[in-house]
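Everything on this sheet refers to the single structure shown next.
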Amino acid sequence: MLSATPATAQQPPALTLSPAAGAPGTAFKLTWTGIFYDPDCTSYAMRVLWDGKTVVGSGTGSGRGTGSGSATVPSNATAGGHRVTVQATSCPAGSASNTFTVRIPPTTTTTPPPTTQPPVTKPPVTQPPVTNPPVTRPPGVTTTTTPPVTTTTTTDTPSSSSDTPSSSTDGLTSAGDGILILDKLNIQPGDDLTATGTGCPKGAPVKLTSLGQSVGTTTADDKGEFTSPVKFASIEPGRHKVRAECGITLVGNVDVTLSSSSGGTTSTLVVLLFFLLIGAAMLRRQFTGLRR
């Protein structure tokens with residue numbers, strides 16, 4: 001009679017993790033014992049599950065119920081304990097589980113040292129010399145036939161018997177801030193003449209005279225400027241001075257000339273008479289020769 005071999009008690013399954021704690025992305029090793037295997041299988045392919053769902057590693061088991069493998073903590077694992085399970089994938093077998101504790105490291109913020117900029121040195125600014133442009137006086141009023149009459153300004157002093165101030169010229173001179181401009185340099189008796197002046201007191205009455213006779217009156221505006229026609233009651237050929245008095249005295253010149261149309265007619269008659277006399281003399285000589 002054969003005796004029965006006593007059965008060997010099966011050890012409970014056990015799973016060891018090394019390390020058993022770490023941060024997300026930590027690699028760890030697994031070893032296990034006591035897992036039931038099918039006696040017909042000699043080698044077992046094992047997989048490692050994270051929380052029973054996600055495969056995070058693999059390993060190999062033997063027919064004696066032992067084996068080893070490796071796995072990696074998922075990068076999105078949350079802090080706390082998570083169940084790690086090893087299972088067979090090729091042959092029927094049992095499984096073993098253990099807990100891996102995930103620890104999230106504190107976030108450290110590194111403050112970079114302050115950046116010190118070197119002082120900026122600006123080159124000295126050299127200002128170019130300031131050159132004032134030459135001051136040019138504005139030209140006088142011009143007409144289509146003659147250039148404008150330029151005048152001078154004199155102080156309000158009595159005129160001499162010849163009515164000719166010693167400081168007045170045909171050019172532009174200045175004895176103050178005012179000027180008198182006549183719109184024509186030459187006129188004939190009866191021609192229009194206009195005087196324009198500046199520099200009078202605001203609202204001052206303006207009296208225009210020439211050779212002691214009044215030739216126009218007006219009033220200065222808010223800017224001290226005025227414009228007035230100049231009318232001579234009687235005038236002789238030659239140069240005449242026009243004075244504008246408005247608290248200051250402004251002086252301008254105008255030349256009066258006579259028309260030369262009658263002189264041209266007289267010259268033509270003299271030339272015709274000359275040729276008539278020559279012709280008469282030649283006819284007389286021919287007539288005298290025929291008589292002889």
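Worth knowing before you read on, the calculation uses all heavy atoms, side chains too, and leaves out hydrogens, waters and symmetry mates. Remember, predicted model here, so these are calculated numbers, not experimental data.
Summarising the geometry, atom CD belonging to Gln87 is positioned 5.0 Å from atom CZ belonging to Arg47; distances are rounded to the nearest 0.5 Å. Between Leu277 atom CG and Leu272 atom CG the span is 11.0 Å, to the nearest 0.5 Å. In this structure, Met46 CE and Ser95 OG are separated by 8.0 Å, a value rounded to the nearest 0.5 Å. Note: Ile179 CD1 to Thr198 OG1 = 4.5 Å, rounded to the nearest 0.5 Å. To the nearest 0.5 Å, atom CD of residue Glu225 and atom OG1 of residue Thr218 are 12.0 Å apart. Distance check, rounded to the nearest 0.5 Å: CG of Asn253 to CG of Leu182 gives 8.0 Å.
Proximity of Val84 to Trp50: side-chain heavy atoms (C-beta onward) are separated by under 4.5 Å at one or more points. Contact check for Phe232 versus Leu193: side-chain heavy atoms found under the 4.5 Å cut-off. No side-chain heavy atom of Val242 sits less than 4.5 Å from a side-chain heavy atom of Val251.
The one candidate from Leu30, Leu17, Leu15 that meets the side-chain contact (heavy atoms from CB on, under 4.5 Å) condition with Val48 is Leu30. For the pairing with Arg243, the side-chain contact (heavy atoms from CB on, under 4.5 Å) check across Leu208, Thr209, Val215 returns one residue only, Thr209.
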Subject >> Full working for side chain to side chain contact (heavy atoms under 4.5 Å, CB included) between Val102 and Val73 >> reply: CA-CA 8 Å; Val102 176; Val73 178; 4.1 Å; yes
Original post:
side chain to side chain contact (heavy atoms under 4.5 Å, CB included) between Thr31 and Thr33: does it pass, once the steps are laid out?
Top reply: CA-CA 7 Å; Thr31 57; Thr33 59; over 6 Å; no
**OP:** With side chain to side chain contact (heavy atoms under 4.5 Å, CB included) as the test, would you mind laying out the steps for Thr16 and Trp32 before giving the verdict?
**Re:** CA-CA 6 Å; Thr16 303; Trp32 59 86; over 6 Å; no
Original post:
Where do Phe28 and Ser18 land on the side chain to side chain contact (heavy atoms under 4.5 Å, CB included) test, with the steps shown first?
Top reply: CA-CA 5 Å; Phe28 60 94; Ser18 179; over 6 Å; no
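Without hydrogens or angle criteria, Asp255 side chain to Asn186 main chain gives no donor-acceptor distance under 3.5 Å. Under the 3.5 Å distance criterion, the side-chain polar atoms of Thr89 are matched with a main-chain donor or acceptor of Ala45. Listed for the Glu245 side chain is no donor-acceptor partner under 3.5 Å among the backbone atoms of Leu250. In this structure a side-chain-to-backbone donor-acceptor pair under 3.5 Å is present from Lys184 to Asp192.
Residues Gln213 and Ser234 come closest through the heavy atom pair NE2-O, 3.1 Å. Between Cys200 and Ala220, the shortest heavy-atom contact is CB-CB, 3.9 Å. When all heavy atoms of Pro74 and Val56 are compared, the closest pair comes out as CG-CG1, 3.8 Å. The two residues Cys246 and Ala204 have their closest heavy-atom pair at O-CB, 3.7 Å. Of all the heavy atoms in Ser75 and Pro24, the pair that sits closest is O-CB, 3.5 Å. Closest of all the heavy-atom pairs between Ala244 and Phe226 is CB-CZ, 3.8 Å.
When the side-chain hydrogen bond (donor to acceptor under 3.5 Å, both in side chains) test is applied to Thr85, the partners found at least two apart in sequence or on another chain are Arg83, Ser97. Residues passing the side-chain hydrogen bond (donor to acceptor under 3.5 Å, both in side chains) test with Asp51, sequence neighbours excluded: His82.
One hydrophobic cluster, built from ILVMFWY side chains closer than 4.5 Å, cannot hold both Leu283 and Phe275; they sit in different ones.
Grouping Ile, Leu, Val, Met, Phe, Trp and Tyr residues whose side-chain heavy atoms lie under 4.5 Å apart, directly or via other members, places Val55 in a hydrophobic cluster with Leu49.
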